[in-house]
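All remarks here apply to the structure that follows.
This is a predicted model, so every value here is computed, not measured. Within every chain, numbering begins at 1; the chains are lettered A, B, ... in the order of the sequence lines, protein sequences first and strands thereafter. In what follows, every heavy atom counts, from backbone to side chain, and hydrogens, waters and symmetry copies are set aside.
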There are 2 protein chains.
Amino acid sequence: MSGSLTVNPEMAERVRRATDELEYRPNGAAQGLASGMHRSVGVVLPDLSNPYFHGIIKATNVGAARDRYRMLVTEWQEPGEELGVCLDVLSRVDGLLVLSTRMETDSLRDLAARGVPTVLVNRVELGVDLPMVAVDNFSPMLELCQHLASLGHRRVVYLAGSPSAWQNRERWKAVQQARILGLDPVMVASDATIEAGYEATDEALGHDPTALIAFNDLAALGAIARLRELGLKTPEDISVTGFDDVALARYADPALTTIVSPKTALGEQAWMMLEASLRGERPEQPPLLSATFVQRASTGPAKGSGG
Amino acid sequence: MSGSLTVNPEMAERVRRATDELEYRPNGAAQGLASGMHRSVGVVLPDLSNPYFHGIIKATNVGAARDRYRMLVTEWQEPGEELGVCLDVLSRVDGLLVLSTRMETDSLRDLAARGVPTVLVNRVELGVDLPMVAVDNFSPMLELCQHLASLGHRRVVYLAGSPSAWQNRERWKAVQQARILGLDPVMVASDATIEAGYEATDEALGHDPTALIAFNDLAALGAIARLRELGLKTPEDISVTGFDDVALARYADPALTTIVSPKTALGEQAWMMLEASLRGERPEQPPLLSATFVQRASTGPAKGSGG
DNA sequence: CTGTTAGCGCTTTCAG
DNA sequence: CTGAAAGCGCTAACAG
């Protein structure tokens, strides 16, 4: 027996030695089946290669390890596959962390209805009865816009992320709100990758902006690369901003003006909530985590505004 | 019943309808236990946040999905924990992909002895009876050194990766070999991250080099950032090279001279071998995959050599 | 405090 | 071709 205190110590020792000698390892699948506890949780996400996720799940993993849970991450590939992946993974784990910001709402409802411990990360979905933890995208983006406005920017283009992503909607809402600060924003389709930022830049320039507000750091980096190719200097000719503050942001040239997303706090918070659900408690819904604006070198006075 | 052809089609249809209505989902753990097949494989790696892994496991994942296998990835945290993680994961999967370039050889032997389908990625370990797939680090690194030598470089410093990593040993061997080309290399401890490259740069400069050969792209990017801070221009004042060709390398300023590692081919190859092991075949050992040197903008003539 | 027994949810095998 | 029965490797809930 492993763990119980209601047992003869001598016997326990004898057993321990035997298992050691035979290199016995309990079979996880069988343990899980018999006890209904797998002592592991699953993480489901759309893209393993997005560095933004790394900080989050790393923090989650240390939390899980502390509580002796294993963390298994899976990436889904085809749109529509999400729910299937979740359900499938669910029979091997006790709970789920869903980082999939563009999973269908109905699928989320389905998960909620199943009553399996699940927490939603970085997605706020009213009408879905699931604990969620997310960072505030709106306020810091507005702050960023304010910064741009104070530098004299007016015509700006927003390089959008995935239209179905909650975060994208939040950020774009903030940018639009910034009309009140004098900004005149246009949205150009792009995505959360370097390549997408690079490729969307030409269309963005068609709107003759003085600043590019990229969905995230990666897109911003791609845009800066394209601008450089076109002979435009950042920030002298055009300012560029990011979002997330990935590791590279501060080391890029120019260092990115961006928003520092509390990835570690997010991952820890996510674990705490999941762990509570695992214990059968209903975790209380925390407020949005706040992210902070940081000015670095990729933004400057708007060109032609007498800055 | 699901699959068999020896069954009344009408009956099958009736069953299908019933399962659909009840939203029946077979329990993976139970299936695995009963049949000994989990239809899933595990990936074990030391650091989820290293972008180099992403391309590899992405390719592996599409292979796995094609063959209707699920891929579960786990990161281990504490050194020494590797084997335990592998063994634990093993009771939920049918095979393992080990990307852990610094796992102890004994642990590898243990895995091999268990006879579980396992393939080693990017690590060549003679004396361990496990199929492995890796890319050739030596030849392209030598080619890179040749490039540097032809530019007039002589005093170079190698910003090392983890000493226990196979890849680090291979790359350093090549750099040392390049003495024959006239290079005079010194090794400075660093690591495979931006931060480590940044931090090792000051010590590297103590050796008065004309070029920095970084263990990988990330370290190179970090070094370039530090050099810029110190007022040194790349490549005018000092050349810097990377390794891997991560997405960012070509978009950085200056674009990185580096080595393009065939990440997709590696991931695909790894899957093919694992799949063969899963079928009970012994996959034949493929040769090292080759990586190609690519010159971009971060290298130039050695300063002071009359280039 | 021990030893035994009945399942967890499925697959497989073996008689009908 | 179908139905019933026997486990996969473990844990839990019992009687001894």
Side-chain angles (χ1 to χ4, degrees), chain A residues 1-42 67-70 72 83-96 110-111 113-117 278-280, chain B residues 1-42 67-70 72 83-96 111 114-117 278-280:
Chain A
M1 297 199 186
S2 355
S4 168
L5 292 174
T6 110
V7 75
N8 188 324
E10 178 221 317
M11 187 65 191
E13 185 47 37
R14 216 147 53 96
V15 170
R16 186 172 350 274
R17 211 154 30 219
T19 56
D20 275 12
E21 257 172 58
L22 297 173
E23 295 194 331
Y24 168 79
R25 294 239 141 207
N27 177 310
Q31 273 182 310
L33 187 58
S35 68
M37 276 230 99
H38 298 270
R39 212 94 203 143
S40 67
V41 296
D67 293 334
R68 329 221 77 223
Y69 271 84
R70 183 124 292 151
L72 266 20
L83 184 60
V85 170
C86 289
L87 262 25
D88 185 53
V89 167
L90 264 179
S91 49
R92 303 168 204 292
V93 300
D94 305 315
L96 227 50
D110 192 311
L111 280 178
R114 273 186 159 68
V116 183
L278 254 22
R279 282 198 323 264
Chain B
M1 296 200 187
S2 357
S4 167
L5 292 174
T6 110
V7 74
N8 188 323
E10 178 221 318
M11 188 65 191
E13 186 46 38
R14 215 145 56 96
V15 170
R16 185 171 353 273
R17 212 153 30 218
T19 55
D20 275 12
E21 258 171 58
L22 297 173
E23 295 195 332
Y24 168 78
R25 292 242 144 206
N27 177 310
Q31 272 182 310
L33 187 58
S35 67
M37 275 232 100
H38 298 270
R39 212 92 204 144
S40 67
V41 297
D67 293 334
R68 329 221 76 224
Y69 271 84
R70 184 124 292 150
L72 265 21
L83 186 59
V85 171
C86 289
L87 262 26
D88 185 53
V89 167
L90 263 179
S91 49
R92 302 169 205 292
V93 300
D94 305 314
L96 227 50
L111 280 178
R114 274 185 159 69
V116 183
L278 254 21
R279 282 199 321 264

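Here C:dG9 is the nucleotide among D:dA12, C:dG9, D:dC10 with the atom lying nearest to any side-chain atom of B:Leu33. Residue B:Ser35 has its side chain nearest to C:dT12 when only C:dT12, C:dC8, C:dG9 are considered.
Between the CZ atom of B:Arg25 and the C1' atom of C:dC8 there is a distance of 20 Å, rounded to whole Å. Between the CG atom of A:Asn27 and the P atom of C:dC10 there is a distance of 17 Å, given to the nearest Å. Regarding B:Met37, its CE atom lies at a distance of 23 Å from the P atom of C:dG9, rounded to whole Å. In this structure, B:Arg92 atom CZ and C:dG9 atom P are separated by 17 Å, rounded to whole Å. B:His38 has its NE2 atom 10 Å from the P atom of D:dG9, to the nearest Å.
Contact of the A:Val41 side chain with the A:Arg70 side chain is not registered, since no non-hydrogen atoms from C-beta on lie closer than 4.5 Å. Residues A:Arg279 and A:Pro117 fail the side-chain proximity criterion, which asks for heavy atoms closer than 4.5 Å.
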Below 3.5 Å, can you tabulate the donor-acceptor pairs from side chains in residues 25-33 of chain B to any protein atom, sequence neighbours excluded?
unit_1  : atom_1 : unit_2  : atom_2 : d
B:Asn27 : OD1    : B:Ala29 : N      : 2.8
B:Asn27 : OD1    : B:Ala30 : N      : 3.0

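Considering CZ of A:Arg92 and OG of B:Ser40, their distance stands at 4.5 Å, rounded to 0.5 Å. Interatomic distance, CG of A:Leu96 versus CG of A:Leu111, reported as 6.5 Å (0.5 Å rounding).
Close to C:dT11, at under 4.0 Å from its OP1 or OP2, lies a side-chain N or O of B:Gln31.
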(message) Let me check I have this right: for DNA chain D, each base becomes ., (, ), [, ] or |, based on Watson-Crick or G-U pairs with both distances under 3.5 Å. What is the full string?
(response) |||||||||||.|||.

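With sequence neighbours left out, A:Arg39 forms a side-chain contact (heavy atoms from CB on, under 4.5 Å) with A:Met37, A:Arg68, A:Tyr69.
With P as the reference atom, D:dA6 and C:dT5 are 15 Å apart, rounded to whole Å.
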